Amino acid sequence: MFDALGASTSWLAIAPELFLLAAAIAVLAYDILAEPDDVEYHAAFTILGVGGAIAFTVAQWRSEIFEQEYFLNMLRVDGLAVTVRLALLVVLSMSLLAAWPLVRSLGRRGAELLALMLLATIGFSLLASSGNLIMMFIGLEVGSISLYVLAGITRERQLADEAAMKYFLLGSFASAIFVYGAALYYAGTGTLFLEGLGSLTQSLVFTRPGVLLVAMAMLAAGLLFKVTAAPFHAWAPDVYQGAPAGAVGFMAAIAKVGGFAGLGRIMWEAFGGFVDDWRPPLAAVAAMSIVVGTLLAIAQDDVRRMLAYSGIAHAGFILIGIVSGPVAAPEVAFYLIVYTVQLVAAFGVSAVVSGPGSSGSARTEYVGLARRSPVLAGTLALMMVGMSGMPVTSGFVAKFGVFREGWDAGVEWLVIVGLVASVAAFFFYLRVVVDMYFREPVGEAPGTLVASPRPTAPMTAMLIAAAIFTVAVGLYARPLLDFVASVL
Amino acid sequence: MEAVLFMIFGVVAVVGALSVILAKNPVYAALGLMATMFALAVFYVINLAHLVAAVQVIVYAGAVMTLFLFVIMLIGVDRAEDTTETIRYQRPLAVGVGLAIVGLGIAAVVSDEWSWTPLAPAGAVAPNGTMQAVAEQLFSSWAVPFEAVSLLLVVASIGAITLAYYLPSRRRKEDSDA
Amino acid sequence: MPDVDPSWYLGLAAVLFLIGATGMLTRRNALIMFMSVELMLNAVNLTFVAAGRAYGNLDGQLAVFFVLVVAAAEVVVGLAIIVAVFQKRVSANVDLLSELKG
Amino acid sequence: MDFPLLSALIMTPVVGSIVVALVPGRRRELHLPVGLVMSLLPIGLAGVLFADFRSTATFQMVEFAEWYADWGISWHLGVDGISMPLILLTVLLVPVSLAASTAITDRTKLFVIMVLLLEAGLIGVFVALDLMVFFVFFEAILIPMYFIIGIWGSEERIYAAIKFFLYTAFGSALMLAGIIALGALHAGQTGVWSFGYLDFLDLELARNTQGWLFAGFALAFAIKVPMVPVHTWLPDAHVQAPTAGSVLLAGVLLKLGTYGLLRFNLPLFPEATVDAVPIMATLAVIGIVYGAVVAIVQSDLKKLVAYSSVSHLGFIVLGIFALTHAGLEGGVIQMVNHGLTTGALFLLVGMIYERRHTKKISEFGGLAKSMPIFAGMFLFSAFASIGLPGLNGFVGEFLVLIGSYATLPAFAVVAATGVVLAAIYLLWAYERVFTGEPDRDENRSLPDLNVREVSLMVPLVVMMLVLGLYPKILLDRIEPSTSAVLDRVAAVTSFEVPEVSMGGE
Amino acid sequence: MTDVFEFVIEHLLWLIIAIPLAGALMLHFVGRRLGEPGAGYVATLASAASFGVAALASVPIFQGGDLAHHPTVVRLWDWMPSIGAALEMRWDPLAALMALIVTGVGTLIHLYSIGYMHGDPRFARFFTYLNLFAASMLTLVLADNFAMLFVGWELVGLCSYLLISFWFTKPSAAAAGKKAFIVNRIGDLAFIIGLMIVFTSFGTLSMSEVLEAPGEVITAGTATAICLLFLIGAAGKSAQIPLYVWLPDAMEGPTPVSALIHAATMVTAGVYLVARTASLYQLSGTASVVVATVGALTALVAATIAIGQNDIKKVLAYSTVSQLGYMFLAVGSTAYVAGMFHLMTHAFFKALLFLGAGSVIHGMHDEQDMRKMGGLLKRMPVTGWTMAIATLAIAGVFPFAGFWSKDEILASAFAAGGWFSVLWVIGLVTALITAFYMTRQFVMVFLGQPNWDEGVEPHESPATMTFPLGVLAVLSVVAGFVNIPKLNPALEHFLEPSLEGIEMAHVESTGLIVLLAVLSVSAAVIGIGLGLFVYYRGGTFRQWFQDRSRRPFLAWENAYWVDKMYGKLLVLPGKRLAQLAARFDDFFIDGIVNGVATVTARVGGALRPLQSGFVRSYGATLAAAVVGLAIWLLARGAL
């Protein structure tokens, strides 16, 4: 069938996705056919699939197909695609380790969970590498629908189905808006390819392409929804609280990575010529995200909800990079990698503390965690410090990167808003540290400790990896920075 | 001629759409939606999108709406719904948003600046959306998206199974404390 | 040549999209909200088709197919979610789903 | 300099903390001693630093390595006469405060690690010649300090820790904006980003721009100092922190503020500095008087010492913004002096707190009878703090006062009242705590200082005497650097440093 | 032989300070082991050795050679180079005189203390402080750099603090020590400000350079400012109005301390300072008038208060204040030699008085209330008779030491004329009062009927205590002969090199000198007579006197309520202000800080209802945001 595409075909270009898909299918098929009691084969398939995907993503970067377009420009193998794909795969790998207890506890549905995670990754990976709005839409939907299901996968719990329902309703609403934006883009340009507008910009006979501006608003809105930028954020706290702990880190991280990749493509590439139009409103969105996320995070008593709001603020910070234009692409990618690692690890800890299938994770559960489980407390503290953007952690380098670009791009006020909000944000990040380290666990009887949560081995490995990553990158981020800068 | 058709089916489409959001009974809403879909199918034909029109009728009006009605019946919500608003500020907000959009539309009509002038290449002929024409495109330049939607279907089916397939025996004790 | 300007269709699509969006915001029955989403997607399709005709290419029509599949997939998952919710709450009223807030 | 002495200075405590981390958790009794030994290593390096230091204005022991080349950040370290004394102070106070922490029995390992990391951060701040490196260390030290206060502090520790953290972080946020702006300005003027201190010295900044940047930096440093009215985190933090925390907080952390003002605000924004002199001097003088006045009526010994810090730090700021040779020198040496004296006072308060578990002045009385050595040490440190000639406190204050009179006569006169007020609050406190008959049973039988406690006071006492009698040992090394700063301010602005002949001639 | 002296001056001058300092250090560390009386002898020896070095170094000065006329400056080390602060010593007649007084009287008092402090548990510590004091005071008088002078200036304050509150378990003693230090600090504040001006004007703190020819560098106005500030400093140290209040309280300290520090040496530092900076005062002119006025007023006020005191040491304390007033009057009247002269004689007789009082207190088992004494002359003859000599000396009876010096002061004031004539009258009246209250004291303590408490058996003190009394008594008699106007102006000649170029008030006419002397002696005699009449002869007349003078007596007894007033007007409002400031800090400044935090958190909380949990309102927000975004994009160009 691909013969018609001629030279435009490249298996390598879609190899990572194919590996993931193969793994997903294998897991499902094995589950259906063999009805296994444990998940060891699932693990093997998944590892193979993810490993292959990572290997081929690196291969894409290293081979001559890099910086080329394939399938008649439907897919690209450019820096953004490769970086984001790698980021997605990192998120996936970490999340798989974190989700393993959930996979086990779900029984048969564990296979479906794995498959959905793999498929969601494929979806966002396609979103990040597509050169066509419809392709992008499909990727977005593959990812999103997987996430809707993930949100409700422990459906016996009331909060889980509420989360799934909210996520689904709002998600499909946002998707409709996105695709209407695509339609208007088509109406304005006659093409669905991203670079179409760029080539048309010179020959536009109308001075104010209203249709395109509305299209821009709607396309942006659809993706801003995914990355939880305020005021498109309302679903995030409810979903992150209600969805099963084991999967929520994955859900939050992967949508953010994919969403920002898409946003970057659309804003920088398709609407690159309209930068003066979209920069102020997008900057406003960034500011609003930062402020709303920070203020509401302060008011939270549930750690997962707090992380959701902080995620809104982080979306704002990353948006500073988007606002700064394509020159900030390395910084945005860096931020995404750094932040999602922390996010997955933090949610991972919450999954251990509150149970893998839990909905919500009250702060009181963390009191005295440092005594009960130093590894969990230490990691979570480090992640909190990292997210808050303290120096010597990767979070600082990431924040500094986007701030610098923002300042360079002329949105100094936004940087200052971000800086001040970072200070307020210390409050809620450090409050977790307070609970874990400064307060004593209150047992049933005096002197007895409440149950000590024990992370599983994969989880521990993931947490330690995340911790090392956070500190190592905080101390010496140059390899990673050089990598994203050279890829992008 | 086309104008007449546009008027007639335009009214049908709008009325159908309005009945979706105004009907107290979901069944009426579903039927209204179906009416709109049929009206749109007519427009597709007018706009030379023959295959689309056919698919619209078969898949959308036929399959999807049937699924809707099936679920309506299954979960027995085919009774009238109280449509008084209970969330504060929801109605005014919705109305406000609506008015803003209408305003935008009017502005778009009035203002020259925002007028929409498609740049059809000189001598472009409106394509005839026959099955063959569509298929040629679908299997060449749109091949990847076409393959990708299969993922979508996989996801959808997994989702449906996961969410709706109910296995009481598999319920774990720790899952039931909600 | 048609005596109806493509922009008429675009206008009609916009109206339908708007009605769909309004339904999304005003109805609390999850099923009707889904239908509103479908309505919005139909408006998108109309836009695609009309614009495609104006530009003289088939991309619009092809897009419709994909939107249609997406819509179908959404319906499947959405209805599954509704069923799941209904199994426990015996209601499709989304306003009842407001335990997560703040 | 082939051997990266400064990097080694930073890394030694880090390595030390790793070593401590590797000590098995069961061997609780080893954590503190091992940490103490580890904290002694930097003293050796600092000794080398002191010995190799040349009294010139240029930066020495410079190390340079690319860090984030395209962002303009490099690992650029160096010391001059302004930072060298503060490094010595840091490496001296850390072992002392560790040795004073035998009362910490809970999570000792974590404590020792935090103190050592804090030390690394503090040294880093003082040797950084790249503003981002500086900022990284400046901000990073908040974390260990936050833990030290929050875990091992007293009742209100959580409030104090968070307040300390947020307050100081707020200041540094605006400073970071300033740093980024400077980087951007550098990019604008030269085409490449840089955060190098020496590069920034070459920037040409409009007066207006300087004003904004000055404000951003100054706010951060003013909070750190702390200057009135942004000082209220200090009493809380001091009172709640454990002894080691208080010692390091007062001894070194506060100096980051004054150090920053001197290192960055003056040379980078000379015109704005000259413009800001009235404001900064006013705040400094208000701080001197206000801090002292508030200290008088404090009922908590630690709080009293904390407010005395507000007062004493005011002298440093006044000296810096007097823009005279003597003022700047006095400011720098007063940083060291305050670190020694206030550190000693906090140590002593900590020792009595360990015995009586209270810091309330009204709980004490007549301690001089039961604890004569303690009383003597306290009185000695108090007089050093009051500014008794012959002890170190006087040198700094006297230089500052004399130095600032030339340019800010009215301010200097008002500031001098701080000298009287210091005597009032400290001697009154001494009177209430130490004199009279010990009327409470628990005060009557308190054991006097033991050998450990005396021996950790001795280095401080000796330093107070040495610096009081022969401050030249530092002044000679400080002078070229402060002169360079002044020359820069004078060269760029219309400000004229008053030419008072340099003695003798 | 001369070479030895020169060698001492040029190379060993530092020993004068270092020996007592070393003594202090040694006693600090091993004093306890030395025990009693070893520690005392070590200290005394140190003081004596210092006296010895000072005496050796003084020889060339007495010889009046080159070394006398050109002050030797020895630089020990640089202290704060940028403000010209160095540790520099100066050896000239003035310094030599002061050094000899300090070490000489000091040694005697050290010796005396061995007996006085007998049995005190902190015996060694006491001598540590005494030696430290000696070192500090010598630092002060030997300084050739204002910075070094200030070192001594403050260190003597420290020693004063330590020694006043030596018996710190007594709350009043502790409070007195603190008060002394703080009041002194107020003076020091002015002194420091003065130093600021000095440095800013001269660019150095070296005294030789500043005092060489100040007129070439600064104007009279600046000089006045400096001098007035120095005056306030001196008033603090020398207990002049308005800062004298600490001195009476300082009597809480052991009596030898009162004798050494609060009579003979430390309190004269102010006088020394004025004399030392005479060239500045001369340049100013106005400042001298103020000095003299302050001195005269202090003399009068303190003398009247002394009448009303019943504590044997308080009388002496106010008498000291009064006598210091005389010295100020002298140096203010530009009679620097007279001032130094009185400083010297006063050191002898006031030390004697204090030591005598100490001996009495010692003998009376720590009783200090004179109303409970009387008739002690028989029990304590040595003390009594030496005290009698001292009383006559302070009263200014010919030919005792006090007569010569006081007479010279009054004569100089008279000679200065103008306003100084008024001051002269005050001085004369004060002389009368002085004689009166001293007589009163002597009578109440030594004459009349014993009013001892039961069980008190007064006894004469041991030899270590009476020996210094004897020496000082001799000095109180003969010291006046060193400077007899016209006949033997030895001291004047001696000090001349130090006061080169200073114009001093002088009475030229011999007749006038005699006349004035007669007047002052008459005042003394009348005072003594009145005293004897009222308190010794007494009976009905005493009753009459006391009835008549009840009101003033009340005022004198309470020292004009100055302490109370200071308390009400300064200390209490100060404390209130401090409390107010502390409240302001807690509630206002910190309130704002906490307020910002609270408001932030509240805003966060207030925003929470927006997240209502209703999916439809989320949808509405989303829709509104999209529309808003679109409108913004569209409106940008349209508007």
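Here is the naming used below: chain letters follow the sequence lines, and residue numbers restart at 1 for every chain. Source: prediction; values computed, not measured.
Between chain D and the residues E/Ile197, E/Ile186, E/Leu195, E/Leu87, the largest count of heavy-atom pairs under 4.5 Å involves E/Ile197. Taking D/Lys369, D/Lys472, D/Gln298, D/Lys163 one by one and counting their heavy-atom pairs under 4.5 Å with chain E, the maximum is reached by D/Lys472. Comparing E/Ser165, E/Ala190, E/Ala174 by how many heavy-atom pairs each has under 4.5 Å with chain D, the most go to E/Ala174. With chain D as partner, the option from E/Asp585, E/Asp586, E/Ile182 having the largest number of non-hydrogen pairs under 4.5 angstrom is E/Asp585. Among E/Phe181, E/Phe584, E/Trp153, the residue making the largest number of heavy-atom pairs under 4.5 Å with chain D is E/Phe181. Between chain E and the options D/Trp233, D/Tyr307, D/Tyr425, heavy-atom pairs under 4.5 Å are most frequent for D/Tyr307. By number of non-hydrogen pairs under 4.5 angstrom with chain D, the leading residue of E/Met80, E/Lys178, E/Met196 is E/Met196. Ranked by heavy-atom pairs shorter than 4.5 Å toward chain E, the options D/Thr324, D/Leu475, D/Leu401, D/Val228 are led by D/Leu401.
The aromatic rings of E/Phe230 and E/Phe146 sit tilted, their planes meeting at an angle between 30° and 60°. Ring-plane geometry between D/Phe374 and D/Phe378 is classed as tilted, the angle between the planes lying from 30 to 60 degrees on a 0 to 90 degree scale.
The closest side-chain donor-acceptor pair between D/Asp476 and D/Ser55, if any, does not fall under 3.5 angstrom. Under 3.5 Å, the side chains of D/Tyr167 and D/Asp236 contain no donor-acceptor pair of N or O atoms. A donor-acceptor contact under 3.5 angstrom links the side chains of E/Thr222 and E/Thr219, judged on distance only. Between the side chains of D/Glu479 and D/Ser483, at least one donor-acceptor pair of N or O atoms lies under 3.5 Å. No hydrogens or angles considered: a donor-acceptor pair under 3.5 Å links the side chains of D/Glu329 and E/Ser82.
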Subject >> side-chain hydrogen bond (donor to acceptor under 3.5 Å, both in side chains) assessment of E/Ser206 paired with E/Asn145 >> reply: CA-CA 4 Å; E/Ser206 159; E/Asn145 190 297; 5.3 Å; no

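Contacts of D/Ile162 with chain E are absent, with no heavy-atom separation under 4.5 Å from either backbone or side chain. Interface residue D/Glu437: backbone and side-chain heavy atoms are both found under 4.5 Å from chain E. Within the 4.5 angstrom heavy-atom criterion, no atom of E/Asp188 approaches chain D. Of the atoms belonging to D/Leu469, heavy atoms from both backbone and side chain fall under 4.5 Å from chain E. In this structure, no portion of E/Leu580 lies under 4.5 Å from any heavy atom of chain D. For E/Ala175, the parts lying near chain D are the backbone and the side chain together; criterion is any non-hydrogen pair under 4.5 Å. If you measure heavy-atom distances from E/Trp79 to chain D, the contacts under 4.5 Å come from both the backbone and the side chain. Proximity to chain D is limited to the side chain of E/Val593, based on heavy atoms less than 4.5 angstrom apart. Within the 4.5 angstrom heavy-atom criterion, atoms from both the backbone and the side chain of D/Leu427 approach chain E. Of the atoms belonging to D/Ile296, it is side-chain heavy atoms, and not backbone ones, that fall under 4.5 Å from chain E.
Remark: side-chain polar atoms of E/Asn184 are not paired, donor with acceptor, to backbone N or O of E/Gly157 under 3.5 angstrom.
Note that CD of D/Gln334 and CD of D/Glu397 are 5.0 Å apart. Values are rounded to the nearest 0.5 Å.
Nearest heavy atom pair, residue E/Leu162 against residue D/Leu379, reads CD2-CD2, 3.6 Å.
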